[in-house]
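So that the names make sense, note that chain A is the first sequence line, chain B the second, and so on, each numbered from 1.
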Amino acid sequence: MVELQSVRVTYANGEGIDQITFSVAPGEMVFLVGPSGAGKSTVLKTIYMDKQPAEGHVVVGDYNSLFIRKSEVPFLRRKLGIVFQDFRLFADRDVFDNVAFTLEVIGARQKEIKRRVLRALADVGLSHKARKMPDELSGGEQQRVAIARAIVNEPLLLLADEPTGNLDPETAAGIMDVLLRINTRGTSILMATHNYDMVQRYRGRIIKINNGRLVA
Amino acid sequence: MNLRHVLKETADGFRRAWGSCLLSILTIAFFLSLLGFIALVSANIDHFKQTLNDRLQLQVFISGTLDDQQIAALSQRISRISGVAKVSFVSRELAAEEFQKEFGRELFAALEENPLPSSFVVRLGITGEDEGRIKQIAARIEEEAGVDEVVYHFQTLFTLQRYARLAATTSWILLLFVTLGSLFVVSNNIRLVISARKQIISTMRLVGATPGFIRSPLILEGALQGAAGALLAGLALYFVDRLLAQLLPGLLHLPPESLIVLLLLGCFLGFLGSLLAIKRYL
């Protein structure tokens with residue numbers, strides 16, 4: 001479903017990733033673990049095609065980084081859900097509208113949007129806060145909104161870039177529970193994190209990365 | 001394309017940068033009013049010029065020694081000169097009659113004999129555009145044997161020509177300024193909106209928004225700013241037009257279709273301004 005083959009990306013300062021090869025099967029939970037600056041975010045960027053590999057290729061569903069046109073990138077991203085450490089919610093929209101936005105982008109009907117948003121909010125346990133603004137929520141709740149926004153369109157793969165990085169251990173455990181529940185229902189998840197100790201407590205395949213290369 | 005989203009985002013753009021948005025609208029309104037006013041002045045000058053053109057004629061005084069045959073031959077020669085449309089003979093007697101009609105019999109009766117010479121009234125087949133050409137024709141007629149003097153009173157027309165040319169040049173220069181100024185203010189406003197929404201736009205891209213989805217509210221905002229500016233300019237011009245009509249009756253008015261042109265011009269300038277900002281900053 002998602003496959004990276006000998007991927008190399010180099011930044012102007014010489015950093016980047018090299019010889020990255022792995023795949024994520026449907027329904028799989030994969031942790032990409034490594035210290036800060038190891039290249040985890042760059043790997044995710046190649047998957048949502050914000051970065052083009054200088055060598056190798058990335059396949060996501062029907063899209064291949066070697067052949068994808070710039071105009072097709074938005075349609076590829078609609079097949080992915082992306083969650084960031086800093087949540088990236090729209091501060092001027094309430095919880096419902098933040099989650100609904102993903103569906104507005106694809107031109108879904110209002111009735112459909114309402115049904116799917118309410119279900120996604122129920123999945124992350126925030127149905128009762130649908131009309132709250134982001135600044136009225138705790139960090140953990142904001143991250144749950146971001147997860148709801150990422151899953152509302154039923155993606156092939158959920159990419160989570162340090163989703164617990166800004167949260168205390170207890171809240172982080174709550175977020176992990178939400179992610180694992182989503183995975184149990186069949187959504188593949190690739191989660192980048194520096195917290196090796198934490199991921200060891202959960203089921204899932206662990207891929208280690210350091211200095212831009214995969215390590216055993 | 002989600003119309004609800006486009007309208008919502010456009011309204012949001014106005015709300016976020018309402019100060020610079022208002023400035024854009026007022027600037028466009030000012031520029032377009034100025035342009036409309038110059039167009040109104042130009043139209044009136046053209047109209048006045050046309051009226052004078054219709055009366056474009058030379059008076060050719062001829063020697064009193066010419067007999068009828070020589071007068072007919074001279075008339076023929078003048079008719080053949082390029083640029084001359086019609087030659088009419090005004091005899092001494094007819095000239096005296098005209099004089100008496102205009103200045104009264106008493107004045108004429110005081111004279112011992114009719115001092116007025118015979119003349120030709122020469123209508124020109126050209127417009128008053130070419131001052132040099134008119135002078136050339138007058139000089140050519142003056143060369144004919146039997147012609148004493150050629151008189152013409154085109155000074156008003158020539159002065160008007162100069163004003164008309166000045167008005168035309170000014171409107172072109174102004175149109176250039178209107179275009180550049182409007183493009184600058186609209187694109188600057190859209191740049192501010194883009195800058196304020198940078199994070200949101202980046203997230204939009206990540207959830208799969210197409211460039212059209214992100215750009216369309218910005219383009220609509222620019223076009224609406226242009227339209228609002230044009231409407232204000234139209235309103236201002238309407239009142240100026242009404243005021244001038246009261247002060248100077250007989251002036252030409254702005255035709256209603258010119259307001260449509262103004263509106264289209266405003267929309268186009270706003271559209272182009274936002275397109276420039278999007279190309280550069282998004």
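- Under 4.0 Å is where a charged nitrogen must lie from a carboxylate oxygen, and between A:Arg119 and A:Glu154 at least one such pair does.
- Of the atoms belonging to A:Arg93, it is side-chain heavy atoms, and not backbone ones, that fall under 4.5 Å from chain B.
- In terms of heavy-atom pairs under 4.5 angstrom with chain B, the leader among A:Phe75, A:Tyr48, A:Phe84, A:Phe101 is A:Phe101.
- Residues B:Ser274 and B:Arg191 bring no donor and acceptor atom of their side chains to less than 3.5 Å of each other.
- Comparing A:Asn153, A:Asp92, A:Ile106 by how many heavy-atom pairs each has under 4.5 Å with chain B, the most go to A:Asp92.
- Counting heavy atoms from C-beta outward, B:Asn188 and B:Ile190 have side chains that stay 4.5 Å or more apart.
- Residue contact with chain B, scored on non-hydrogen atoms closer than 4.5 Å, involves the side chain of A:Asp97 exclusively.
- In this structure, the side chain of A:Asp18 does not engage the main chain of A:Arg8 through any donor-acceptor pair within 3.5 Å.
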